[in-house]
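Everything on this sheet refers to the single structure shown next.
The residues of the chain are indexed from 1 along the displayed sequence. Just so we're clear, the structure is a prediction, and the values are computed from it rather than from any experiment.
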Amino acid sequence: MKKRKLFYCVNGWVGLVGVIIGAGLLAFSVWYLSTTVLLDINYVRTEATVVDFEERRDHIDGAYRYVYAEVVEYEVDGEKYRATSTLYSSAPNGNLGSKMTVAYNPANPAECFFPSSNYSVVPVLFVLAAGFLAAGIFCLCLDKKEKRMNKYENAKFITSAASPSQFLKTDKPIIAISGRSNVGKSSFINLLAGRKQLARVSKEPGRTRLINYFDYGDFILADLPGYGFAKVSKEEKLKWARLLDEFFAEEGHICHVLALVDSRHEPTADDIQMVEFLYSKIIPFTVIATKADKISKAEGARSKVRIAAALKCGADDVILTSSQKRTGLESVIKRLQNVITYGEENA
């Protein structure tokens, strides 16, 4: 059984440390604020005189040393009160008769504390706490996002089919990938798996002449032969066409199709024919516009509208992707999860 990890990557641990430090600083800030600044608002300040020094023997750095704190006396309504500073030092601060400021409780003058000159540290602590918390939460979100985007990292190749008798029989939903020979299907398969070598990427288009099946855990991915490659013989093209016809002919065999097109260009006649075929067979599909890193964001937005119009689908059914920058991966995974969930509910 695979050991479950608390976090997916180092971002999670950095985030956890950031949140712990931020929470600690925030707790200390609140404590310091409530025991000094807020008390100072309701307490009354008055001048006190150092009348004595309290001596205490402490164990410091492996040796016993004496430390000292001031004992002060202050007067409220003619009655004198004494208090001892909570701050000890290696030598007495000041001299007998020197003046200090104390803040006492009007309802109980014997209750007092020594106001600090370091109140300005409170906003600094709050800023630091907020910074660590924000950075920690951000890193935790990055870890969670990275985990979502690597959901299919354990994907594996199963088998290839050259004829209907070799079509994979499985209880898992099958999602097919279609597209031109050079549209980047292998790169997309690797992008989805978060790995570079799951599907072989070739510089020579038209090499995929079989239906290749990959197990992505929640579903089976069927990589269909690329269409529109001119160097293939007419007989070979007809053979591929028959194979695809028989593949889609099996009722309930496919639950969804990812139709890949090149985001840089208008959909080709073959792309349009493929989508029209899916419409005719009433097979749900999502258009994946690949190679989005080759165009600007503005061009990508225009490309979505242009592709949607050419294929007669909604712009929301077109997802821009890039195998280089992992653009659109999260949207594709979300769409696949919706497809799988919908399929299970209607099974």
Side-chain angles (χ1 to χ4, degrees), residues 6-7 9-146:
L6 179 60
F7 297 111
C9 61
V10 69
N11 283 331
W13 293 106
V14 172
L16 179 62
V17 172
V19 168
I20 292 174
I21 293 175
L25 286 172
L26 183 62
F28 177 77
S29 302
V30 172
W31 171 82
Y32 188 78
L33 184 68
S34 62
T35 57
T36 55
V37 180
L38 296 181
L39 279 180
D40 211 351
I41 295 174
N42 298 317
Y43 279 40
V44 177
R45 290 194 177 198
T46 188
E47 190 176 73
T49 303
V50 178
V51 295
D52 198 1
F53 293 98
E54 182 178 281
E55 183 181 76
R56 192 175 72 190
R57 189 171 181 238
D58 280 356
H59 189 262
I60 303 175
D61 297 332
Y64 285 98
R65 298 180 184 178
Y66 286 98
V67 292
Y68 304 88
E70 295 83 3
V71 178
V72 300
E73 188 176 84
Y74 59 97
E75 186 176 328
V76 179
D77 297 331
E79 188 172 349
K80 293 184 178 181
Y81 299 91
R82 284 196 173 193
T84 302
S85 173
T86 56
L87 298 177
Y88 286 82
S89 58
S90 58
N93 289 324
N95 301 310
L96 293 177
S98 60
K99 302 298 183 180
M100 295 183 68
T101 299
V102 296
Y104 66 89
N105 185 351
N108 181 16
E111 180 185 327
C112 76
F113 74 96
F114 292 77
S116 171
S117 59
N118 297 322
Y119 289 168
S120 59
V121 76
V122 174
V124 175
L125 288 174
F126 272 112
V127 170
L128 286 174
F132 274 104
L133 284 173
I137 292 172
F138 177 73
C139 287
L140 288 174
C141 290
L142 284 181
D143 180 81
K144 188 174 181 180
K145 180 178 179 180
E146 192 69 20

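Listed by first and then second residue, the salt bridge (charged side-chain N to carboxylate O under 4.0 Å, His left out) pairs involving residues 81-104 are Glu73-Arg82 (not counting sequence neighbours).
With hydrogens and angles ignored, the 3.5 Å screen pairs a side-chain donor or acceptor of Ser85 with a backbone N or O of Leu87. Listed for the Tyr74 side chain is no donor-acceptor partner under 3.5 Å among the backbone atoms of Ala83.
To the nearest 0.5 Å, the span separating CE on Met100 from CD on Glu47 amounts to 11.0 Å. Here the straight-line distance linking atom CD1 of Ile137 with atom NZ of Lys144 works out to 12.5 Å at 0.5 Å rounding. Rounding to the nearest 0.5 angstrom, the gap separating the CZ atom in Phe114 from the OG1 atom in Thr84 is 7.0 Å.
Shown here for Ala91 and Ser89, the closest heavy-atom pair between the two residues is O-OG, 2.6 Å. In this structure, Leu140 and Leu16 approach most closely via the heavy-atom pair CD2-N, 3.9 Å. When all heavy atoms are compared, the tightest approach of Gly22 to Ala129 is O-CB, 3.5 Å. Closest non-hydrogen pair, Val102 versus Pro115, comes out as CA-CD, 3.8 Å. Contact between Pro106 and Asn42 at its shortest, heavy atoms only, is CD-O, 3.6 Å.
In this structure, the side chains of Tyr88 and Asp58 stay at 4.5 Å or more apart for every pair of heavy atoms. At a threshold of 4.5 Å between non-hydrogen side-chain atoms, the residues Asn11 and Phe138 do not count as touching. Looking at Tyr104 and Tyr81, their side chains never come closer than 4.5 Å, going by heavy atoms from C-beta outward.
Ring-plane geometry between Phe28 and Trp31 is classed as tilted, the angle between the planes lying from 30 to 60 degrees on a 0 to 90 degree scale.
In terms of the salt bridge (charged side-chain N to carboxylate O under 4.0 Å, His left out) criterion, residue partners of Asp40 (sequence neighbours excluded) are, by chain and number, Arg45. In this view, Tyr66 satisfies the side chain to side chain donor-acceptor pair (under 3.5 Å) rule with no residue, not counting sequence neighbours.
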*Start with the C-alpha distance between Phe53 and Leu96, add both sets of side-chain angles, then the distance that settles side-chain contact (heavy atoms from CB on, under 4.5 Å), and finish with yes or no.*
CA-CA 8 Å; Phe53 293 98; Leu96 293 177; 3.7 Å; yes
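The side-chain contact (heavy atoms from CB on, under 4.5 Å) with Leu133 is formed by just one residue from the set Leu26, Ile20, Leu25; it is Leu26.
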